[in-house]
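In what follows, chains carry the letters A, B, and so on, assigned in the order in which the sequence lines appear, proteins first and then strands, with residues in each chain numbered from 1.
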Amino acid sequence: MKKITPDEFQIIIKYIHDISGIFLDQSKAYLLETRLESLVKENGCSSYSDLYRKAKADASKVIERKIIDAISTNETLFFRDSSPFDVLQHKIIPDLIDLRTAKSPFLPPQIRIWSAACSTGQEVYSIAIVLKELLTDLKKYNLKLLGTDISDAAIAQASYGSYNKFEIERGLQADKLSQHFSRNGDNWKIKDDIRAIVSFRKLNLLLPLNGLGKFDIVFCRNVAIYFTIEDRKKLFNKIADILEPGGYLIIGSTESLTDICPRFEPKRYIKSIFYQLKE
Amino acid sequence: MKDLKILVVDDDPITLLLLEKRLKAEEYEIKTARNGTEAFDLISNNHYDVILTDLKMPGGMDGIGVLEATKAKNSRTEVILITAYASVDNAVAAIQKGAVDYLQKPINFDELMLRLQRIKNMKKLVKDADDLREAMDITEFNAGQTIQNLELTVAQLQSQLSEVENVLSQKGIDSSERVRLALDRLVAV
Ligand SMILES: C[S@@+](CC[C@H](N)C(=O)[O-])C[C@H]1O[C@@H](n2cnc3c(N)ncnc32)[C@H](O)[C@@H]1O
């Protein structure tokens, strides 16, 4: 494998941090090598710094996008950690619907949910499956479910909604699989009624979150772990800004907001915790 | 990892015997069935890594039937179809239903061995990935419990401390009284 020199490493981690917020320290040199080597070859580059120069010079940003796809860890599964989905089903959604119906009894209750780094879509579809099973007739509600990610490749798969047998095996119970997916060879595709309530778009969480609108619930799981503390603080503050008062935030099971964003209050529901924006 | 466990299905006894001999020589674990129905019973009650089945067989269940039954039982079992007349349409239909491969008679054994070797390597990789995930899940679960408990404890202590701070900074109250109230707040939980 092509070796990366210490100088090249410094240039490239700075570049990756600038374009994605992903922060790599010296111990991750091997990671750059395994993940970028094929891009070096593919683009006819003589070295990693050559790849960096080409990426910077490329106005179409094709190489930049490929670097992001290669460097981002898209590891995800259906119903990851399971407990956030229990909280959603038994606590958050029922509370929100009560709140909305009390306020405007004649309007279909509105619920807006955002999965901030949705990777290949498993998180979004898990949320959608919870909604479908809980609310049955989705037309009676005003639902908006948005999935975003910085990786084009991840968003493309999420939007297509098709998973291979290994992805399907992870986290999805047999009854949910047969009810909400249809088989196509070795792959399974999410059914149209679920796909219809979901939308996807590409979004870099480091940039201002303009134009997204307001949300009642935000899932931001297992992405801030790749950022510096400073970037985490900024991110969770921006999320607090676009949440409705009292809005809900779910973070990854091994993440913490202590000293990151005091605007959220951790709350326990049975076995797991969620965060609520302080009013 | 153990070698592959293979079920061979063919209504032609000579092909069956030949396959059994060759595969046993490679130290694969072999079971045979002479038709789809027999195969179906075996698949329902046993686990196989690979099913090698003829496409056309008399009786109620042909190769596609065997393929479907296999995939319904365990989608990780790989199915290789064997046929006398290769046709693109058949091949596409079989692959769509989840077959990994499609071989033409007379069977080229070198080719078959290569494909089996490939499946074996693949299984090994999948097992390694499964093991890693399992280890990661356990670590993540335990770490998650610890972190979430700490998160709640810290939040509680922080709010308690800010109450204490409030009490202590109330200018209107006598200082020993302030200390007493602050101590009350501290033991409250
Ligand atoms: C490990 S996955 C988490 C997926 C899912 N939320 C879960 O918990 O299973 C992390 C995702 O964050 C995305 N990501 C990394 N940096 C990002 C950024 N600056 N903006 C948006 N998404 C980013 C990656 O592309 C990747 O798909």
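Contacts between B:Arg133 and chain A at a heavy-atom distance below 4.5 Å involve the side chain alone, from C-beta outward. Residue contact with chain B, scored on non-hydrogen atoms closer than 4.5 Å, involves the side chain of A:Glu75 exclusively. Contacts between B:Val126 and chain A at a heavy-atom distance below 4.5 Å involve the side chain alone, from C-beta outward. For a residue to count as touching a neighbouring chain, one of its non-hydrogen atoms must lie under 4.5 Å from one of that chain's; by this rule A:Tyr275 touches chain B with the side chain only. For chain B, no part of A:Asn164 is nearby; none of its heavy atoms comes within less than 4.5 Å. Contacts of A:Ile168 with chain B are absent, with no heavy-atom separation under 4.5 Å from either backbone or side chain. Residue A:Asn187: no heavy atom, backbone or side chain, is found under 4.5 Å from chain B.
Counting non-hydrogen atoms of neighbouring residues, nucleotides and ligands closer than 6.0 angstrom, the CZ atom of B:Phe40 reaches no more than 12 such neighbours. Taking a 6.0 Å sphere around NZ of A:Lys66, one finds it holds 12 or fewer heavy atoms contributed by other residues, nucleotides or ligands. Heavy-atom neighbours of B:Lys56 NZ from other residues, nucleotides or ligands within 6.0 Å: at or below the threshold of 12. Few gaps surround CG on B:Asn149; more than 12 heavy atoms of other groups in view lie less than 6.0 Å from it. Counting non-hydrogen atoms of neighbouring residues, nucleotides and ligands closer than 6.0 angstrom, the CG atom of A:Asp192 reaches no more than 12 such neighbours. Residue B:Met136 qualifies as enclosed at atom CE: its count of foreign heavy atoms under 6.0 Å is above 12. By the neighbour-count criterion of 12 heavy atoms within 6.0 Å, atom CG of B:Leu125 is densely surrounded, having more than that number from other residues, nucleotides or ligands. Counting non-hydrogen atoms of neighbouring residues, nucleotides and ligands closer than 6.0 angstrom, the CZ atom of B:Arg34 reaches no more than 12 such neighbours.
Scanning both residues, A:Ser272 and B:Gln148, for their nearest heavy atoms gives CA-OE1, 3.8 Å. The two residues B:Ala143 and A:Thr254 come nearest to each other via the heavy atoms CB-CG2, 3.8 Å.
Between the CG atom in B:Asp137 and the CZ atom in A:Arg170 there is a gap of 7.0 Å [rounded to 0.5 Å]. Separating the OG atom in B:Ser75 from the CD atom in A:Glu169 is a distance of 5.0 Å, to the nearest 0.5 Å. For the atom pair CZ of B:Phe141 and OG of A:Ser82, the computed distance is 8.0 Å after rounding to the nearest 0.5 Å.
Each of B:Val154, B:Thr153, B:Ile147 was compared with A:Thr258 under the side chain to side chain contact (heavy atoms under 4.5 Å, CB included) criterion, and only B:Val154 meets it.
Contact tally against chain A (heavy-atom pairs below 4.5 Å) for B:Ser159, B:Gly98, B:Ala129, B:Ala94: the top residue is B:Gly98. Ranked by heavy-atom pairs shorter than 4.5 Å toward chain A, the options B:Arg76, B:Lys97, B:Gln96 are led by B:Arg76.
Of the N and O atoms on the side chains of A:Ser256 and B:Glu151, at least one donor lies less than 3.5 Å from an acceptor on the other residue.
Residues B:Lys71 and A:Arg183 have side chains in contact (heavy-atom distance under 4.5 Å, counting atoms from C-beta outward).
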Please test B:Glu140 against A:Asp81 for side chain to side chain contact (heavy atoms under 4.5 Å, CB included), starting from the C-alpha separation and ending with a verdict. CA-CA 9 Å; B:Glu140 198 173 297; A:Asp81 309 328; 3.2 Å; yes
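Remark: B:Glu78 engages A:Lys165 in a salt bridge, criterion side-chain N to carboxylate O under 4.0 Å.
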